[in-house]
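Please read the structure below before turning to the comments.
Since the model is a prediction, treat every value here as computed from it, not as a measurement. Labels below follow one simple rule: chain letters A, B, ... track the order of the sequence lines, proteins then strands, and each chain is numbered from 1. No hydrogens, no waters, no symmetry mates; every other heavy atom, side chains included, goes into these values.
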Protein chains: 4
Amino acid sequence: MSQRIQTDTAGVFVIAATPFTDEGAVDYASIDSLTDFYLGHDIAGLTILGVMGEANKLSGEESLAVMRRFLARVDGRVKVVVGVSAPAFDPMVSLAAAAMDAGAAGVMIAPPPSVKHDEQFFNFFAGACAAVGPDTPVCLQDYPAVTGVHMSVPVFSRIVRELPQVVMLKAEDSPGLTKISRIRALEAKGQRRTSILVGNNGLFYPLELARGADGPMTGVAYPEMLVDVYQAMKAGDRDRADDLFEIYLPLVRYETQAGVALAWRKEILRRRGAIASARLRAPGAQLNADEQADLTRMMARIESKRAALG
Amino acid sequence: MSQRIQTDTAGVFVIAATPFTDEGAVDYASIDSLTDFYLGHDIAGLTILGVMGEANKLSGEESLAVMRRFLARVDGRVKVVVGVSAPAFDPMVSLAAAAMDAGAAGVMIAPPPSVKHDEQFFNFFAGACAAVGPDTPVCLQDYPAVTGVHMSVPVFSRIVRELPQVVMLKAEDSPGLTKISRIRALEAKGQRRTSILVGNNGLFYPLELARGADGPMTGVAYPEMLVDVYQAMKAGDRDRADDLFEIYLPLVRYETQAGVALAWRKEILRRRGAIASARLRAPGAQLNADEQADLTRMMARIESKRAALG
Amino acid sequence: MSQRIQTDTAGVFVIAATPFTDEGAVDYASIDSLTDFYLGHDIAGLTILGVMGEANKLSGEESLAVMRRFLARVDGRVKVVVGVSAPAFDPMVSLAAAAMDAGAAGVMIAPPPSVKHDEQFFNFFAGACAAVGPDTPVCLQDYPAVTGVHMSVPVFSRIVRELPQVVMLKAEDSPGLTKISRIRALEAKGQRRTSILVGNNGLFYPLELARGADGPMTGVAYPEMLVDVYQAMKAGDRDRADDLFEIYLPLVRYETQAGVALAWRKEILRRRGAIASARLRAPGAQLNADEQADLTRMMARIESKRAALG
Amino acid sequence: MSQRIQTDTAGVFVIAATPFTDEGAVDYASIDSLTDFYLGHDIAGLTILGVMGEANKLSGEESLAVMRRFLARVDGRVKVVVGVSAPAFDPMVSLAAAAMDAGAAGVMIAPPPSVKHDEQFFNFFAGACAAVGPDTPVCLQDYPAVTGVHMSVPVFSRIVRELPQVVMLKAEDSPGLTKISRIRALEAKGQRRTSILVGNNGLFYPLELARGADGPMTGVAYPEMLVDVYQAMKAGDRDRADDLFEIYLPLVRYETQAGVALAWRKEILRRRGAIASARLRAPGAQLNADEQADLTRMMARIESKRAALG
């Protein structure tokens, strides 16, 4: 398996949390156990140092150390995409270079809030691609709810045409289903293919696969849901895919609450034994007693419904 | 039953669409059939001329005519809240006065985007309350995803203290569960009670009832879901409430796609015979073939799962 | 003189305030005196019912009455552009039709905040042009600081190519000088010409004329500044244009304070005898004592410096 | 002179650029010459690593090295405030500690975009103050146009009451004059005093001094203007202050164009011999030929008018 992301990369990518100790230090042992937890499922890749990875709460040195620890533990078994979004090209380039040196499969870049229209959108990615160099495959993250930047289908077509190193789209616009369909329709008419992995916390996951997405890239703490739905869809069993997905949907829905989602996911990972502490670095939410109770109830319902479904 | 909303108003409020003909004219006959459809379920109230009612696509005369038609058809059987949000007080006042004259239970007001902090938030509502007059009960709409305005719990406490005519909160912040819990906790310590009805398309509905909300105020096109969940929660059967809710959750989830949600709801209402045309006034989305197919699939799954649950 | 705006329309357009009485009613007599005040200077046009005209604080009937009063008083002596921006096409169309019937020179349309990228930008204006009809000349207002919508130069070129009724650009992007230069450069290479009038409260006015703008369209309460600078630039005397402009620049600078600017301008118009009351409709600022003193000081400095310059 | 900022700190603070070579490396020799240039005027302080210092384009190591170079060159002659705003407390704390160790007078902190209302505003600063420790004096930066965060006067009063280490306000709200007046009025009634330095590129500078500000903190490349206006106001000669200020106002006005301002200021500093290269790190504007010509014209007018005024 090539360790680089490519235009036909498919399968389940999981966005990894960055574990901290209760005191707030990076917990390197938990990086190992978390990696093992994720790779215990049939995933195709990991994404690290994204928003979910609290990347902007790490110092430069910590970012490098976290990245290298993940890559060492993965040891080539799956592809690893590294988030390198930064307000300027200099810090982006140095992190990207270190990531590729350490064996990353590519980098993920989201546009900064200063990008306001199509021309600026294209120019930003042209500049970023030149900055990280043509040998670094790029996953373009289209997540307007977080970045405030909106990508039109025509400007993405221009990027596909002029920037060959953009091989993957992380699609998390909303509404976003028609966007996926439009891109696939353009490819049917000759536009160069890109891999499309879907985010948005997985809220529209099976619907997006039905529109032609190649897989998910999201951080839900139940990677088995992502994998099982993927395989059901590949097997053509959409009813089973929906039945599986809907078991987890109440929990996925809870994660649409920005500011709570990450604390929630880390707590699930902790309860499932994947990391030692659910701690977030400040400023960051900690679950209160009501939220812990909501979680306990939801996990129990998932367990019993999943057992019933088989 | 008092026809005014009060601090203890509870039950299911449905936000009504404004039906148009295929040519885009207001469809008054469909206002009647839609009202009948909603009142065919055990609801406590209707809300008209909200965002879902395409209020800002109506002329001043049309707004008045639509409002009067709904109120005439309801004929005092349930409470009717009228959305009167406007960029200035003059248009707000004249619509509010006409609504109360025609028998409305109160008015719903959201803050304009110019409100940027707590002091401006309070001042806006103090001004709006004075403008519509002390005899007009006010439902304060807290919907930052749409208005861009954020309400803190302390500023709401100040409003409760100083503006007695604010008797109801339409709670649709996200994350919003803890906000409801905090307000109820303050009431337990002596803060004057307010009715809390929850929106956010119903995405967190049973969770919000568990936190102390008095009911929903949202526009999902299955009012029976709102009513049945409400009654199950009142009966103390939370498992049944969740089981019921989760049947509809895939559809509710689809409606988080701003820009698609209203077209989607109108099409369901049309298919269910409540209105004659699913038409939106421009600019507004029309469902494409893929979205129609998504809807067909989801409605079928709802029907079979609901039949299975009983 | 044709009463329609055209691709070569040039000269000074003033944006008119809407005068109210101290009690908040529309002051029709002051519409007449204000029109006379503006037309006492050598202006080419008036713009009414813009943001400065508190258009969104008027009822539908008031908007029509205000528009007709202005048009009657102008009586064909200068062109009158009518702001018709609205959240939906239906209200836009009815106001536009009434305006053209009453003798307006064209309509001004700004994009709504829902427009997020080039494709949506073009589609909005294509829809709006179709809605108001091909015989209605359109001035496209590009004012991202107020609308939150950003227009790229390429999407404007597409509009120029495909929507012939867009004959005028109200240019108030910031930074905006290079945008004007780029459009003029494209015209030098064959792009169809548009009239470019500049806004932004006049903050960059002579610089914009030097880049090829055809005149200002702004609401500063000293129309003589707008006219004198325009004539100095036409006469090729840029030093005099700058000398004139800089006398008023402290005052123009004060008007960059959104929320204060309109109260400030109305107070100047009142002091200069153009309107009877400086009242704004609520919610709207009223000048406090410090601001009144700032204004008194600035007006005195303008008077003495203008007398010294000649 | 104490090297810490205090509640009565007054005088001119200049925000320093971070000089780069034409190739984009940090230009340490130019840090020295720039420091000498600024200290050649009668200033009270320097602010480094702000937005104007392109702080977010530096790596962690570069930030430390730039900070230490400035502090070494200043060598205790004026106070140095260090910008430490960061999306999380961990990186903020390590930079703040290094700055105070190296002799900084205090740190400047702006709220992150996640702060949406008064309670979150207070909580953020309470957390930040605790994080950097009680011995680190804090300058609170209130700059909504850049941060998107709005501070009410009441929440600032709460901060003054509960967080004694917040000794300075960088006031750059707009409109902002009344805010300064209100804070000073509260102090007259007993609220603890804070130093108020004004930013906003200096656009309202003499007006703000008249309202009670203690001086400017801004990056205009003519520190002599800041100093001379300050001294004229201290001498009670407001006419002279205005006459001086208005000479530079056309240039200051040009700098309201976000995205152009920094390139413009660096070019002036280069022309005046303070730094070797006007280069910005990417993405960042470079002045085009028209902008260079605008600058040449404006600098010449400043020179001749300043010579005439004396």
Might you work through the side-chain contact (heavy atoms from CB on, under 4.5 Å) test for D:Asp290 and C:Thr178, ending with a clear yes or no?
CA-CA 8 Å; D:Asp290 287 330; C:Thr178 299; over 6 Å; no
Holding to salt bridge (charged side-chain N to carboxylate O under 4.0 Å, His left out), I want the full list of residues that pass it with D:Lys305, two or more places apart in sequence or in another chain.
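Residues passing salt bridge (charged side-chain N to carboxylate O under 4.0 Å, His left out) with D:Lys305: C:Glu246.
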Please evaluate residues C:Arg184 and C:Arg211 with respect to the criterion side-chain contact (heavy atoms from CB on, under 4.5 Å), reporting the C-alpha separation (whole Å), side-chain torsions for both, the decisive distance (0.1 Å), and the verdict.
CA-CA 8 Å; C:Arg184 290 304 187 218; C:Arg211 298 297 183 100; over 6 Å; no
Side-chain (C:Ser85) to main-chain (C:Ala110) donor-acceptor, under 3.5 angstrom
yes
Counting heavy-atom pairs under 4.5 Å with chain C, which one of D:Thr256, D:Val252, D:Asp239 comes out on top?
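Looking at each of D:Thr256, D:Val252, D:Asp239 in turn, D:Asp239 comes out on top.
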Option that, when pairs with chain C are counted at under 4.5 Å, heavy atom only, ranks first among D:Asn288, D:Asp242, D:Val260, D:Asp173:
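It is D:Asp242.
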D:Arg238 portion near chain C, given a 4.5 angstrom heavy-atom threshold
both
Between D:Leu207 and chain C, which part of the residue has a heavy atom less than 4.5 Å away: side chain, backbone, both or neither?
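Contact with chain C involves the side chain of D:Leu207 alone.
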Name the member of C:Ser181, C:Ala145, C:Gly176, C:Pro175 that forms the most heavy-atom pairs with chain D at distances under 4.5 Å.
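Option with the top pair count is C:Pro175.
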Under 4.5 Å heavy-atom distance to chain D, tell me which part of C:Asp243 shows up: side chain, backbone, both or neither.
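When you check distances to chain D, atoms from both the backbone and side chain of C:Asp243 fall under 4.5 Å.
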Hey, what's the ring geometry for C:Phe204 with D:Tyr254, parallel, tilted or perpendicular (30° and 60° as the breaks)?
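Taking D:Tyr254 first and then C:Phe204, their aromatic rings stand perpendicular (interplane angle over 60°).
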